[in-house]
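All values reported here derive from a predicted model rather than from experimental measurement.
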Amino acid sequence: MKITFYGHASLGIQVNDVDILVDPFISGNPKASHINLDELKADYILVTHAHQDHILDVEAIAKRTGAMVISNFEIVSHFEKLGIEGHPMNHGGMWDFDFGTVKYVNAIHTSSFPDGSYGGQPGGFVIEGEHKNIYIAGDTALTFDMKLIPLQTKLDLAILPIGDNFTMGINDAILASDFVACDKVLGYHFDTFGYIEIDHQVAIQKFFEKEKDLMLLEIGDFIEL
């Protein structure tokens, strides 16, 4: 499993020969100007919630690639009206796709489309594929619901927001890694704009002091599990 960071909360996940994008917000992010949107591959697009900084490039990529959108019912319905194929889910639901299993889990945040219309309830994803298990938290506060995840799934990686202000910050993300029983963390949702800028060294040190590994990738860099 290969995971590429495209800035903000945007990820590329490659499972065998299947390409998955998560929350593509690239064309609107000056820090990701070196990423060519037209070259990104996508068989599926996972969307955690409807805010613009998570859905901006969904339509363009899906129409170019034919990717299926996986999200809550409201978001999938929105994109289906635009002629995009989708698979609707809701909290606690799980489905087997050709790349593995996806479970839609709780997140504490808000969710509305740029025009203010209702975007359903926000969520995160637990993905089991290629004998690796990852948790993509989405935009969320720290929540006790995270403790339910390791009761069913032993995680190899937790992808957690760390930028604070709109989501968890560094200290809460450390607690979140305890809750999900995973000491290997990929941080995201940080540095895109002023409200969520962080000190990288302080963040890494705080995780290190708790015997945890925090990875902060440069935009376009990747890790392999």
Side-chain angles (χ1 to χ4, degrees), residues 1-25 40-49 54 67-72 87 89 91-109 122-140 142-143 145-163 167-168 172-190 203 207 212-225:
M1 184 182 289
K2 177 180 177 181
I3 301 170
T4 304
F5 180 55
Y6 290 123
H8 197 52
S10 303
L11 304 165
I13 303 172
Q14 192 173 48
V15 183
N16 293 319
D17 59 349
V18 176
D19 291 291
I20 304 160
L21 287 179
V22 182
D23 288 354
F25 171 72
L40 294 182
K41 297 178 180 179
D43 299 297
Y44 298 90
I45 301 174
L46 273 59
V47 180
T48 62
H49 64 293
H54 294 257
M68 173 186 286
V69 172
I70 302 171
S71 190
N72 65 37
H87 181 102
M89 302 189 75
H91 296 124
M94 186 165 61
W95 191 263
D96 290 328
F97 295 92
D98 59 355
F99 60 86
T101 300
V102 174
K103 186 169 186 177
Y104 191 72
V105 296
N106 193 36
I108 297 180
H109 196 60
F125 298 100
V126 175
I127 302 174
E128 301 182 15
E130 209 178 48
H131 306 295
K132 297 296 181 182
N133 305 324
I134 66 172
Y135 167 47
I136 303 171
D139 282 15
T140 187
L142 180 66
T143 166
D145 286 350
M146 293 173 179
K147 290 190 171 186
L148 298 174
I149 293 172
L151 297 181
Q152 295 182 314
T153 306
K154 180 175 174 56
L155 296 174
D156 296 288
L157 179 70
I159 303 174
L160 306 176
I162 59 172
T167 67
M168 295 187 295
D172 281 358
I174 291 171
L175 289 174
S177 70
D178 286 336
F179 286 5
V180 300
C182 184
D183 293 334
K184 189 171 186 176
V185 175
L186 176 63
Y188 78 159
H189 206 278
F190 66 94
F207 272 79
K212 300 175 186 292
D213 180 19
L214 173 66
M215 293 170 285
L216 302 178
L217 297 179
E218 295 294 328
I219 295 174
D221 285 353
F222 65 88
I223 58 171
E224 294 193 64
L225 299 178

Side-chain touch I134/I13, heavy atoms, less than 4.5 angstrom: yes
Donor-acceptor pair, side chain of T4 and main chain of F222, under 3.5 angstrom: no
Qualifying residue for ring pair (Phe, Tyr, Trp, His ring centres under 6.0 Å) with H109, from H49, H54, H189: H49
Rounded distance (nearest 0.5 Å) linking atom CG of L225 with atom NZ of K184: 5.5 Å
From Y135 atom OH to I149 atom CD1, the distance as rounded to the nearest 0.5 Å: 4.5 Å
Test item: D23 side-chain N/O and G138 main-chain N/O as donor-acceptor pair under 3.5 Å: no
Residue pair N106 / H91: nearest heavy atoms and the distance that separates them: CA-CD2, 3.7 Å
The single option from V102, I70, L46, L11 passing side-chain contact (heavy atoms from CB on, under 4.5 Å) against I20: L46
Pairwise side-chain contact, H87 with F97, heavy-atom cut-off 4.5 Å (strictly under): yes
Closest non-hydrogen atom pair, P161 against T167: CB-OG1, 3.5 Å
Pairwise side chain to side chain donor-acceptor pair (under 3.5 Å) hits with a residue in residues 215-225, at least two apart: none
Sole candidate of D172, L148, I108 that passes side-chain contact (heavy atoms from CB on, under 4.5 Å) when paired with T143: I108
Minimum side-chain heavy-atom gap I136-Y188 below 4.5 Å: yes
Donor-acceptor contact below 3.5 Å, side chain D156 vs main chain N133: yes
Residue pair I223, L157: steps toward the side chain to side chain contact (heavy atoms under 4.5 Å, CB included) verdict: CA-CA 11 Å; I223 58 171; L157 179 70; 3.9 Å; yes
Rounded distance [0.5 Å steps], CE in M68 versus CG in D98: 9.0 Å
M215 CE to I159 CD1 distance, which is reported to the nearest 0.5 Å: 8.5 Å
Distance (rounded to the nearest 0.5 Å) between M168 CE and L142 CG: 6.5 Å
Crowding at CZ, F179 (>12 non-hydrogen neighbours, <6.0 Å): yes
Rounded distance [0.5 Å steps], CD in E128 versus CG in L155: 8.5 Å
Sub-4.5 Å side-chain heavy-atom contact between I174 and F207: yes
Over all atoms of both residues, closest heavy-atom pair of I162 and A173: CG2-CB, 3.8 Å
Side chains of V126 and Q152 in contact at under 4.5 Å (non-hydrogen atoms): no
Considering all heavy atoms, the nearest G187-L214 contact: N-CD1, 3.8 Å
Side chain proximity check, L21 to Y6, heavy atoms < 4.5 angstrom: yes
Sub-4.5 Å side-chain heavy-atom contact between K212 and D178: yes
Candidate list W95, Y44, Y104, test ring pair (Phe, Tyr, Trp, His ring centres under 6.0 Å), partner F125, passing option: Y104
A42 versus I45, closest heavy-atom pair with distance: CB-CG1, 4.3 Å
T101 versus D96, side-chain donor and acceptor atoms under 3.5 Å: yes
Check: F190 and L216 side chains under 4.5 Å, non-hydrogen atoms: yes
Polar side-chain atom of D43 near backbone of D19 as donor-acceptor pair, under 3.5 Å: yes
Shortest non-hydrogen contact from C182 toward A158: SG-N, 3.6 Å
Side chain to side chain contact (heavy atoms under 4.5 Å, CB included) between V105 and D145, intermediate numbers included: CA-CA 8 Å; V105 296; D145 286 350; over 6 Å; no
